Number of protein chains: 2
Amino acid sequence: MIRLSRLSDYGIVLMTRLAREPARALPASVLAQESALSPAMTGKILKLLARADLLVSQRGVHGGYALARAPERITIAEIIEALDGPIALTSCLRPTAEGCGIESVCPARTNWQRINQAIRDALAGVTLAEMASPPRNFGPAPSASPRRAAAPARDPAGLVITSLGAK
Amino acid sequence: MIRLSRLSDYGIVLMTRLAREPARALPASVLAQESALSPAMTGKILKLLARADLLVSQRGVHGGYALARAPERITIAEIIEALDGPIALTSCLRPTAEGCGIESVCPARTNWQRINQAIRDALAGVTLAEMASPPRNFGPAPSASPRRAAAPARDPAGLVITSLGAK
DNA sequence: CGAAATAGAACCGATATGGTTCCATTTCAA
DNA sequence: TTGAAATGGAACCATATCGGTTCTATTTCG
Ligand code: FES
Ligand code: FES
């Protein structure tokens, strides 16, 4: 049902935790504890994120993980793609793999691409910083433009995400 | 990887086929054939769609399925929800079920709700009619307003989908 | 009556997912 | 020098979910 894998789910939780202290490097163990996740799972996720260059890791006795970039410059889409592979609603949109099997007669494929792109952009339009900030219920959108980094205001795909305002 | 189930995938294909002749009722057998799907699978899907009141069915010898409403008034989101249940990225957003397990310490949940709503709206903003129409590569967005039916232009959730233009 | 269709449910096998375990490597400090 | 604390990387497993089929009951009409 269009659900996110738990890997990504937890991954984002861990990243938001790290975003609260972008400077310090925290070891997986404390991240696990603070996030109520099993150390094993946590390790797995952090390793994947590090391999995707979203985290930098320090080995050895006082090691740990820290964000590789400022939280304003990391998008939710990046995290998801690092953990779950490319965002592709239908199998026929996935670059690799075999496809959905009915490409030949499918009347909807090109439109699928647009929709897929639209939600990709939606995810790419939310930064880790926004995710980490407590929900602010006051005032208009915090102006800001960081998210523009990855989400063009008006992409050529059709669907356009314009703003992530305050609740 | 945020993928759509095949049920929904095929379901939309079948619906778009029906949208080409909104008046006539077609039997499952011909829908299956024209869409290159197994009759069994096709039957299953159509039954679900009928139960969700997206299709009307006629039993008996000259029976078949037809759209319950004009294709302009059926959204992709409706089809997906009919076949795969509510759209909920993370398990903790799903009304039923147990949740993701870390609700207590999760710093991201309220933001998840917004994102989830945003992509829900994205899906609800595309009508079956738009999906069925061949991709038009010319001219600006076909103006149109049908999609407004289900997708408020500026929802309170934050992320706003404004337009599904032409490619 | 019987063929043609849908309604509904049960059933089954494969795959992906969530999660663990094990071992190798790096680093630092006692 | 040695070992504890950390990450790197991979294999492994159990189970839920998903894609798909099969079977039976019911409706409709010729
Ligand atoms: S859904 Fe895969 S080609 Fe149309
Ligand atoms: S992801 Fe489930 S509560 Fe945060």
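A, B, ... follow the sequence lines: proteins, then strands. Residue 1 opens every chain. Predicted model only: the values in this text are computed from it and were never measured.
Protein atom OH of A:Tyr65 is 9 Å distant from nucleotide atom C1' of D:dA6, rounded to whole Å. Rounded to whole Å, atom P of D:dT17 lies 16 Å from atom CG of A:Leu4. Atom CG of B:Asp84 and atom P of D:dC18 are 7 Å apart (whole Å). One atom, CD1 of B:Ile45, and another, C1' of C:dT6, lie 15 Å apart when rounded to the nearest Å. In this entry the distance linking CG of A:Leu48 with P of D:dA10 reads 11 Å, nearest Å.
Not counting sequence neighbours, A:Ser57 has no partner by the side chain to side chain donor-acceptor pair (under 3.5 Å) test. Residues satisfying the side chain to side chain donor-acceptor pair (under 3.5 Å) criterion with A:Ser35, sequence neighbours excluded, are absent altogether. Qualifying side chain to side chain donor-acceptor pair (under 3.5 Å) partners for B:Arg24, counting only residues two or more places apart in sequence or in other chains: B:Glu21.
Distances from the side chain of A:Val61 to the nucleotides C:dA4, C:dC28, C:dT17 place C:dC28 closest.
Shown for residues 13-34 of chain B: no residue has heavy atoms falling under 4.0 angstrom of DNA chain D. Contacts between residues 50-59 of chain A and DNA chain D, counted as heavy-atom distances below 4.0 Å, involve A:Arg51, A:Ser57, A:Gln58, A:Arg59.
In this structure a side-chain-to-backbone donor-acceptor pair under 3.5 Å is missing from A:Ser8 to A:Leu4. Counting only distance, with no hydrogens or angles, the side chain of B:Asn116 and the backbone of B:Ile87 share a donor-acceptor pair below 3.5 Å.
Smallest separation of non-hydrogen atoms from A:Ile74 and A:Arg69: CD1-O, 3.8 Å. B:Ala77 approaches B:Arg120 most closely through the heavy-atom pair CB-NH2, 3.7 Å.
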Is there any protein nitrogen or oxygen under 3.5 Å from a nitrogen or oxygen in nucleotides 19-21 of chain C, and what are the pairs?
from: C:dG19; atom 1: N7; to: A:Lys44; atom 2: NZ; distance (Å): 2.8
from: C:dG19; atom 1: O6; to: A:Lys44; atom 2: NZ; distance (Å): 3.0
from: C:dT20; atom 1: OP2; to: A:Ser38; atom 2: OG; distance (Å): 2.6

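Within the nucleic acid shown, A:Gly43 has no heavy atom closer than 4.0 Å to any nucleic acid atom.
Rounding to the nearest 0.5 Å gives a distance of 11.5 Å between CZ of A:Arg73 and OG1 of A:Thr75. Distance CG/B:Leu128 to OG1/B:Thr16: 6.5 Å, rounded to 0.5 Å.
A:Val61 and A:Leu31 fall into different hydrophobic clusters, where Ile, Leu, Val, Met, Phe, Trp and Tyr side chains are chained together by heavy-atom contacts under 4.5 Å. By the rule that hydrophobic residues join a cluster once side-chain heavy atoms approach within less than 4.5 Å of another member, B:Leu26 and B:Val56 end up as members of separate clusters.
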